[in-house]
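Predicted, not measured: the structure shown is a model, and the values here were computed from it.
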Amino acid sequence: MTDVYQMVTDRILEMFDRNIVPWRCPWTRTGSGCISYSTGRSYSLLNQLLLGGRPGEYITFNQARELGGNVRKGEKSRFVVFWKLLEEKDDKTGDINIKPLLRYYNVFHIDQCEHINPRWAVSVDNAAVPTLHHDDRAEKAILDYIDRSGVTYIPQKSDRAYYSPAEDKIVVPELAQFTELSEYYSCAFHEIVHSTGASNRLDRLPCGYSHESYSREELVAEMGSAFLCHRLGIDSPASLANSAAYIKGWSNALRRDKKLVVLAAGKAEKAADYVLGINGEVDTDDAEC
């Protein structure tokens with residue numbers, strides 16, 4: 001059986017080796033980013049990552065043929081993943097247990113196809129909105145989260161950025177210390193995502209320190225930060241370059257744990273939704289991740 005976890009990990013490691021930071025690709029400035037041709041829905045953060053951030057609509061080989069089109073000869077597919085929920089009956093108790101299995105399928109960008117036209121209008125409003133507007137949106141998201149969670153948030157002149165679980169306190173350098181607005185909010189959201197792991201919130205933070213548990217949580221925080229920046233329309237080449245060196249250090253942990261990226265992406269999206277006050281629901285259909 002194909003090991004989808006290993007496929008995802010290999011894809012991410014390949015991008016690391018090419019000095020690409022997959023969860024900070026240019027899709028953050030394209031509105032809907034990578035979307036499904038069949039549904040018009042944006043793919044999840046993990047699938048945006050696997051698709052390399054190339055915005056537009058994606059379609060399967062069979063879908064293209066059914067629509068009277070075709071994939072150009074020599075074009076290479078990319079894969080996206082989804083969770084298939086299987087029901088298993090316990091022979092002893094008779095209870096029905098739900099077991100999630102990770103599955104994948106191959107897709108092509110419609111630019112790789114012939115006789116297939118775009119089906120959905122992709123918003124690119126970010127290009128027409130002043131940067132200051134994104135500043136306002138980010139500030140509102142932070143203030144709303146502080147009000148709901150009760151966490152203490154302190155931007156101050158400092159050489160450190162951290163979240164203290166014992167004090168339930170976030171400290172970040174003040175805005176004046178940054179040369180890029182996006183870097184400030186990337187830093188702030190990184191620590192805010194850490195705070196969502198507290199026991200009275202998503203209860204994700206490890207009880208004891210180990211290199212592996214630290215790596216996992218750092219990956220969740222950085223991916224969650226990137227997802228929040230994506231949702232709020234904040235990113236820049238400077239923050240991309242700065243994050244590349246930071247994330248690169250996790251490649252060894254990824255090689256040791258093939259499930260790390262998939263699980264971290266799920267936790268990162270859950271944390272980002274929590275920060276934004278969005279209640280996630282499990283879709284039991286075979287929908288894209």
Point to revise | Ile170 CD1 to His190 NE2 distance, which is reported to the nearest 0.5 Å | key: 11.0 Å

Closer than 3.5 angstrom, by distance alone: can the side chain of [X] be matched with the main-chain N or O of [Y] as a donor-acceptor pair?
X: Glu167; Y: Ser164; value: no
X: Arg148; Y: Val275; value: yes
X: Asp203; Y: Gly197; value: no
X: Glu88; Y: Ile96; value: no

[X] and [Y]: side chain donor to acceptor below 3.5 Å:
X: Asn47; Y: Tyr58; result: no
X: Glu57; Y: His109; result: no
X: Ser195; Y: Arg201; result: no

Are any non-hydrogen side-chain atoms of [X] and [Y] less than 4.5 angstrom apart?
X: Lys84; Y: Arg103; answer: yes
X: Leu219; Y: Leu260; answer: yes
X: Ile59; Y: Leu67; answer: yes
X: Arg231; Y: Asp273; answer: yes
X: Val171; Y: Arg160; answer: no
X: Phe227; Y: Leu232; answer: no

Check your understanding: How far apart are the C-alpha atoms of Glu269 and Met223, what are their side-chain angles, what is the distance that settles it, and do they pass the side-chain contact (heavy atoms from CB on, under 4.5 Å) test?
Key -> CA-CA 8 Å; Glu269 290 202 63; Met223 294 180 77; over 6 Å; no

Would [X] and [Y] show up in the same hydrophobic cluster when neighbours are defined by side-chain heavy atoms closer than 4.5 Å?
X: Ile278; Y: Val193; result: yes
X: Val151; Y: Val172; result: yes
X: Tyr37; Y: Phe61; result: no

**Study point:** Salt-bridge contact Asp111-Arg72 (side-chain N to carboxylate O under 4.0 Å)
**Key:** no

Exercise for review: Flag the pair Lys140 and Asp144 as a salt bridge only when some basic side-chain nitrogen lies within less than 4.0 angstrom of an acidic carboxylate oxygen.
Suggested key: yes

Point to revise | Among Tyr43, Tyr105, Tyr104, the one residue meeting ring pair (Phe, Tyr, Trp, His ring centres under 6.0 Å) with Phe82 | key: Tyr105

Point to revise | Check: Tyr145 ring centroid to Tyr153 ring centroid under 6.0 Å | key: no

